[in-house]
2 protein chains.
Amino acid sequence: MANWKSEARAPIVGIIGGGQLARMMFQAGLSLGIDVHILRSESDESLNKVAKEITVASQFDPTTLYHFARKCDVVTFDHELIPAQLVQELSDRNCTIYPSADTLALAADKAKQRKALQAAGIPVPKFAVVETAAELEAISTAFEFPLVLKAARGGYDGRGVHKFSNLEQAMHFMSTAKSPVPYVVESELAIDAELAVLVVTGQQPTDRLTYSPIQTRQFNGICVEAFWPTELDPEVEDEAVELAMAVADAVGSVGVLAVELFLVDGKLLVNELAPRVHNSGHLTIEGSVTSQFENHLRAITGLPLGSTEMVSPIAMVNLIPADSTTKGGINLEGALLVPEAKIHDYSKTPRANRKIGHISVLAEDPQSALKRAWEAARASLGGMVLGDPEEASVEPDA
Amino acid sequence: MANWKSEARAPIVGIIGGGQLARMMFQAGLSLGIDVHILRSESDESLNKVAKEITVASQFDPTTLYHFARKCDVVTFDHELIPAQLVQELSDRNCTIYPSADTLALAADKAKQRKALQAAGIPVPKFAVVETAAELEAISTAFEFPLVLKAARGGYDGRGVHKFSNLEQAMHFMSTAKSPVPYVVESELAIDAELAVLVVTGQQPTDRLTYSPIQTRQFNGICVEAFWPTELDPEVEDEAVELAMAVADAVGSVGVLAVELFLVDGKLLVNELAPRVHNSGHLTIEGSVTSQFENHLRAITGLPLGSTEMVSPIAMVNLIPADSTTKGGINLEGALLVPEAKIHDYSKTPRANRKIGHISVLAEDPQSALKRAWEAARASLGGMVLGDPEEASVEPDA
């Protein structure tokens with residue numbers, strides 16, 4: 001791999017995956033003068049019409065990955081779907097990749113992840129890991145119903161999560177699953193608030209900053225809004241930040257790590273992590289001095305990290321068509337009628353439950369910001385926006 | 001030309017010129033999902049490695065311009081060097097272009113510009129326009145020395161501006177000029193402050209917003225720093241904004257118009273205008289809700305304008321090598337040691353007096369922001385930064 005420092009040039013960062021996270025990292029790279037190269041699949045649209053150095057090929061072919069990585073100073077991801085084994089092989093061939101194969105392996109497997117967090121003494125929801133209906137039956141008395149089964153691998157945005165009101169149903173599901181994977185079993189929790197804390201870590205573990213906690217709301221397992229500052233007590237926020245740093249230590253993170261937490265009965269539990277820039281952190285683009293996208297690039301290239309200070313209260317709403325009535329993408333004219341709305345269009349074909357953009361609004365307080373962001377979101381899509389709080393049919397998760 | 005609204009797709013904006021202004025408009029277009037196409041010259045580097053739809057060809061060839069414009073919904077510029085006649089021909093062939101040929105003609109000719117502003121009742125520095133040494137002699141008694149001669153056309157960043165301490169020298173200069181152009185003659189002014197006011201106007205003249213005034217400092221005729229809020233009284237700021245709106249009316253502006261003003265003996269004078277995004281306005285990227293780049297795109301495409309509200313006090317310093325000792329571009333590691341520094345690298349080869357990037361810093365007040373921005377600027381370049389206030393050899397203009 002090349003070495004930008006010794007060659008006195010700007011770094012080249014390779015991103016595997018060409019979705020909106022890659023798009024926003026590309027955009028952050030423009031300011032820094034960092035060359036961002038993309039390895040994307042045929043179906044990825046987000047960068048197609050804008051970025052220059054794009055390779056359209058399989059992200060899962062070792063030879064393709066190696067040839068791509070060799071041209072870059074450092075390689076990163078916009079998702080965690082690349083098998084850790086492939087990433088390890090690239091590392092073994094002297095490619096610099098963050099997150100590491102070990103961190104990716106934990107991120108991609110909810111069962112391993114939970115066990116690793118628990119082993120590190122981090123509070124997590126009470127859970128068990130089962131692979132068969134018989135195993136489920138054996139541990140079932142330790143849990144309350146409804147019971148939640150989360151596929152250890154391949155789940156995303158609510159996919160792979162199943163809820164059962166009795167053991168019979170759950171066992172039937174386990175015994176008839178087409179491609180069996182381990183499942184994380186939990187009781188359904190009465191969640192008072194969901195938080196995310198972003199931690200950014202440089203190539204030296206001591207080179208670490210955190211962002212202020214972000215409060216999120218999910219609908220059908222999909223994040224629909226995020227805002228800061230949160231509605232929680234400062235002591236709870238401080239504890240959330242401490243826990244997130246402990247998680248970063250436990251998984252050996254480099255770059256941005258998003259730690260998702262639940263507040264249940266006044267107690268914080270770490271739900272899961274993502275070793276990458278994260279939907280909850282999109283509000284850092286306008287809401288903090290340095291966005292998560294810029295700080296991820298700075299961290300993985302070994303550059304000094306940027307200030308994570310909050311610039312203003314802010315809210316973000318995802319533009320997710322709730323059904324298939326949205327045609328022709330985002331209605332810019334509608335969205336921009338709210339003069340403070342900052343729209344981020346991912347240039348993706350609309351489909352039900354697909355994130356095709358987001359809108360952020362700065363305001364004096366997060367609730368005013370949320371209200372304006374939802375107004376702009378409603379005007380952006382031809383049909384209903386997923387999770388719209390003004391829609392009668394909308395009920396929050398859990 | 002195509003029509004994005006009737007086709008329910010994102011607009012395509014063509015930019016003639018591929019410098020840093022085009023680069024930052026391209027970057028703003030990414031968020032809006034606007035497709036930005038560039039027509040650049042061989043020597044333009046700023047977008048070369050990043051943007052996808054780039055045509056490398058003469059910007060002065062009517063056929064090239066027409067073929068480029070035909071593929072776009074609207075065409076704009078990152079400079080004012082295209083002859084107004086060529087722009088008029090494109091308009092006549094139904095291409096949508098902002099600024100218009102008439103506005104560009106005024107922008108490109110300081111003599112015509114001054115006369116038009118004066119005719120509109122806008123206060124300007126006392127001036128005359130001369131084409132020969134004899135004409136200069138005839139009007140010379142009306143002016144104090146030192147005398148300043150500004151070439152009506154082709155001047156930029158201090159080029160084309162000449163100062164003379166006596167009439168003999170000035171007449172010698174006029175009579176020996178290689179390619180004679182009209183000159184605007186002025187007495188050297190004792191300027192107390194320089195300001196810029198950005199006005200953004202939509203396709204309907206009533207659709208207009210202004211930004212808060214920006215204070216600038218020039219060195220050798222080149223802008224070296226900018227900040228807001230200014231150090232001036234609110235009444236002076238209000239008057240500056242009123243004058244800028246009057247200038248926008250006088251020149252029939254669509255898109256961003258930058259109006260540069262002098263404060264002399266407590267009185268505001270309009271120095272000149274640029275009908276485009278402007279160096280003074282780079283601080284709107286982080287310092288206001290909607291940047292000048294985004295608002296220019298919104299204005300020329302007929303989208304609603306975005307809030308121009310100030311987010312924070314901010315200062316911007318241009319990264320301009322003062323001599324030829326800077327090699328290999330911007331030192332990112334150095335620049336980013338100031339954690340609040342927002343660097344914008346234009347990916348240009350460093351040369352003395354060339355703007356290769358800028359750094360903005362948000363702070364509690366503009367003077368603290370300036371101090372930090374200069375620290376980061378010093379660390380960014382291998383050699384001296386033009387206009388560095390801590391360099392003993394530096395003396396402000398005028």
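All of these numbers come straight from a predicted model, not from anything done at the bench. The analysis underlying the following values was restricted to heavy atoms, covering all of them including side chains, and did not include hydrogens, waters or symmetry mates. Protein chains get the first letters and strands the later ones, always in sequence-line order, with residue 1 at the start of each.
Across all non-hydrogen atoms, the minimal contact from B:K52 to A:N48 is NZ-O, 3.1 Å. Pairing each heavy atom of A:P304 with each of B:L337, the nearest pair is CG-CD2, 3.8 Å. Residue A:A341 comes nearest to B:R298 through the heavy atom pair O-NH1, 4.1 Å, listed as atom of the first residue, atom of the second, then distance. The nearest pair of heavy atoms linking A:S347 to B:G33 is OG-CA, 4.2 Å. Nearest heavy atoms, A:L30 versus B:F26: CD1-CE2, 3.8 Å.
In this structure the side chain of A:T290 reaches within 4.5 angstrom of the side chain of B:K342, judged on heavy atoms.
Rounding to the nearest 0.5 Å places CG of B:L332 at 12.0 Å from CZ of A:R9. To the nearest 0.5 Å, the span separating CG on B:D345 from CG on A:L32 amounts to 8.0 Å.
At a heavy-atom separation below 4.5 angstrom, chain A is approached by B:L362 within residues 359-372 of chain B.
Heavy-atom distances place the side chain of B:I34, and not its backbone, under 4.5 Å from chain A. Contacts between B:E309 and chain A at a heavy-atom distance below 4.5 Å are absent for every atom of the residue. Heavy atoms closer than 4.5 Å to chain A are found in the side chain of B:V311, but not in its backbone. Within the 4.5 angstrom heavy-atom criterion, atoms from both the backbone and the side chain of A:K49 approach chain B. Looking at B:Q27, both its backbone and its side chain come within 4.5 Å of chain A, counting heavy atoms on both sides. Interface remark: A:L47 contributes no atoms to any contact with chain B (heavy atom separation under 4.5 Å). At a 4.5 Å heavy-atom cutoff, the contact between A:V50 and chain B is made by backbone and side-chain atoms alike.
Here B:E333 is the residue among B:E333, B:E340, B:M24 with the most heavy-atom pairs under 4.5 Å with chain A. Between chain B and the options A:E53, A:E286, A:K5, heavy-atom pairs under 4.5 Å are most frequent for A:K5.
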